[in-house]
Amino acid sequence: MADPMTQSSQISSSQGLNDGHSASSKDSSDSFFSSPVSLIQSPQVNDLVHWRDPKKSGVVFGVSLLLLLSLAAFSVISVVSYLLLALLCVTISFRIYKSVIQAVQKSSDGHPFKALMEKDVTVPPETFRKHVDACLTQVNRVLKQMSRLFLVQDLVDSLKLAVVMWLMTYVGAVFNGITILILADILLFSVPPIYEKNKTQIDRYIGIARTQVNTTIAKLQEKLPGAMKRCKAE
């Protein structure tokens, strides 16, 4: 006969595992449908989109927007070729200029890019493995979410995804991928400072909208068939 204390500890452990599984499932569901603003967690990205350093943010915004506009007008191969050609023109011109200056002044400064050429540009195996592991973690998380949504583990979340995909068909009929990226780039650098200046009013309206959405979802859940609601409860 098993010790009562052992049975109690085993029951507590199983309950803890079940609670942890339920909590992790709920957290993964909440994170999947969380606001895109919450995805900006990197301090560097946060400083850029909030224009903490206007010069740096302006350069990043201008370069990214120019690159996207170039991709909208030309092919990817053309854009990459022109960028590399421009870089080569700059480096070759600078090398020729420095060589002429050294010949006129009869100096022996050597190669103008010597300091840069001596830098180690190889990727260490540890760094490569670290980034691969980080990417693999993200890929596994996405696969787990896709499996949960497409196999209808949670009916409401799967219905949310279906509604989003249905709306995206209309978005795709109006905009192409590059246009959406251009709009996303503009919104990324314009929405955070606007939100920061009008945080109180925006949060109030977001709270009202969230309450309405939750109320609507609750009403839909009440109208679901009993079998579906039992599956969700399990």
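Keep in mind it's a predicted model, so treat the numbers as computed, not measured.
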> Can you list the residues that meet the ring pair (Phe, Tyr, Trp, His ring centres under 6.0 Å) rule with Phe94, with sequence neighbours excluded?
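Expected list: Phe113.
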> Extract all donor-acceptor atom pairs below 3.5 Å that involve side chains of residues 53-63 and protein atoms in other chains or at least two apart in sequence.
unit_1	atom_1	unit_2	atom_2	d
Asp53	OD1	Lys55	N	3.4
Ser57	OG	Leu48	O	2.7
Ser57	OG	Asp53	O	3.3

> According to salt bridge (Lys or Arg N to Asp or Glu O under 4.0 Å), does anything in residues 176-204 pair up with another residue at least two apart or in another chain? List the pairs.
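Listed by first then second residue: Arg52-Glu196, Lys199-Asp203.
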> Going by side-chain contact (heavy atoms from CB on, under 4.5 Å), name the residues that satisfy it together with Leu181, two or more places apart in sequence or in a different chain.
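Partners of Leu181 under the side-chain contact (heavy atoms from CB on, under 4.5 Å) test: Leu68, Ile178.
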> Taking Pro192's backbone N and O only, do any of them form a donor-acceptor pair with Trp51's side chain (distance below 3.5 Å, no angle check)?
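Looks like no, no N/O pair under 3.5 Å.
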> Determine which pairs satisfy salt bridge (Lys or Arg N to Asp or Glu O under 4.0 Å) with at least one residue from residues 95-107, sequence neighbours left out, and list them in order.
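Qualifying pairs: none.
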> Using the test side-chain contact (heavy atoms from CB on, under 4.5 Å), find all partners of Val213 that sit at least two apart in sequence or belong to another chain.
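Per chain and number, Val213 pairs via side-chain contact (heavy atoms from CB on, under 4.5 Å) with Ile217.
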> Which residues pass the side-chain contact (heavy atoms from CB on, under 4.5 Å) test with Ile77, not counting sequence neighbours?
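Only Ser75, Ser81 meet the side-chain contact (heavy atoms from CB on, under 4.5 Å) criterion with Ile77.
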> Report yes or no: do Met168 and Val163 belong to one cluster of Ile/Leu/Val/Met/Phe/Trp/Tyr joined by side chain heavy-atom distances under 4.5 Å?
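Hydrophobic grouping puts Met168 apart from Val163.
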> Working to the nearest 0.5 angstrom, can you tell me the gap between Ile206 CD1 and Thr211 OG1?
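These two atoms lie 11.5 Å from each other.
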> Quick one: hydrophobic cluster around Ile101, which other residues, with the 4.5 Å side-chain cut-off, linked directly or via members?
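Members alongside Ile101: Tyr97.
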> Find the distance between CZ (Arg148) and CE (Met146) and round it off to the nearest 0.5 Å.
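It comes to 8.5 Å.
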> Looking at Leu143, is its backbone amide N or carbonyl O close enough to the side chain of Ser147 to form a donor-acceptor pair, meaning the two atoms are under 3.5 Å apart?
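Side chain of Ser147 to backbone of Leu143, a donor-acceptor pair under 3.5 Å: no, none is there.
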> Sorted by first residue and then second, give each side-chain hydrogen bond (donor to acceptor under 3.5 Å, both in side chains) pair with at least one member in residues 163-176; sequence neighbours left out.
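Every pair satisfying side-chain hydrogen bond (donor to acceptor under 3.5 Å, both in side chains) with a residue in residues 163-176: Asn176-Thr179.
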> When rounded to the nearest 0.5 angstrom, what distance separates CD1 in Ile186 from CZ in Phe189?
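It is 11.0 Å, given to the nearest 0.5 Å.
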> With sequence neighbours excluded, what pairs up with Phe150 under the ring pair (Phe, Tyr, Trp, His ring centres under 6.0 Å) test?
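Per chain and number, Phe150 pairs via ring pair (Phe, Tyr, Trp, His ring centres under 6.0 Å) with no residue.
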> Does Leu66 share a hydrophobic cluster with Leu83, counting links as ILVMFWY side-chain heavy atoms below 4.5 Å and allowing steps through other members?
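No, separate clusters.
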> How long is the span from the OG atom in Ser64 to the CG atom in Leu188, to the nearest 0.5 Å?
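Answer for the OG-CG pair, Ser64 versus Leu188, is 8.0 Å.
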> Flag yes if Leu161 and Leu167 sit in one hydrophobic cluster, no otherwise; membership is Ile, Leu, Val, Met, Phe, Trp, Tyr, and two members link when side-chain heavy atoms are under 4.5 Å apart.
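Different clusters: Leu161 never reaches Leu167 through Ile, Leu, Val, Met, Phe, Trp or Tyr contacts under 4.5 Å.
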> Show which residues join Tyr82 in its hydrophobic cluster (side-chain heavy-atom contacts under 4.5 Å, direct or indirect), or state none.
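Direct or chained contacts put Tyr82 with none.
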> Flag yes if Leu71 and Leu84 sit in one hydrophobic cluster, no otherwise; membership is Ile, Leu, Val, Met, Phe, Trp, Tyr, and two members link when side-chain heavy atoms are under 4.5 Å apart.
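Same cluster.
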> I need the Ile92 CD1 to Leu85 CG distance, nearest 0.5 Å.
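Here the rounded value is 8.5 Å.
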> Rounded at 0.5 Å granularity, tell me how far OG1 in Thr91 sits from CD1 in Ile96.
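So the OG1 of Thr91 and the CD1 of Ile96 are separated by 9.5 Å.
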> Test of understanding: clusters of I, L, V, M, F, W, Y form through side-chain heavy atoms closer than 4.5 Å, transitively. Do Ile194 and Val49 belong to the same one?
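In one cluster with Ile194: Val49, no.
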> Pro124: what forms a side-chain contact (heavy atoms from CB on, under 4.5 Å) with it, not counting sequence neighbours?
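Checked Pro124 against side-chain contact (heavy atoms from CB on, under 4.5 Å); matches are Glu126, Thr127.
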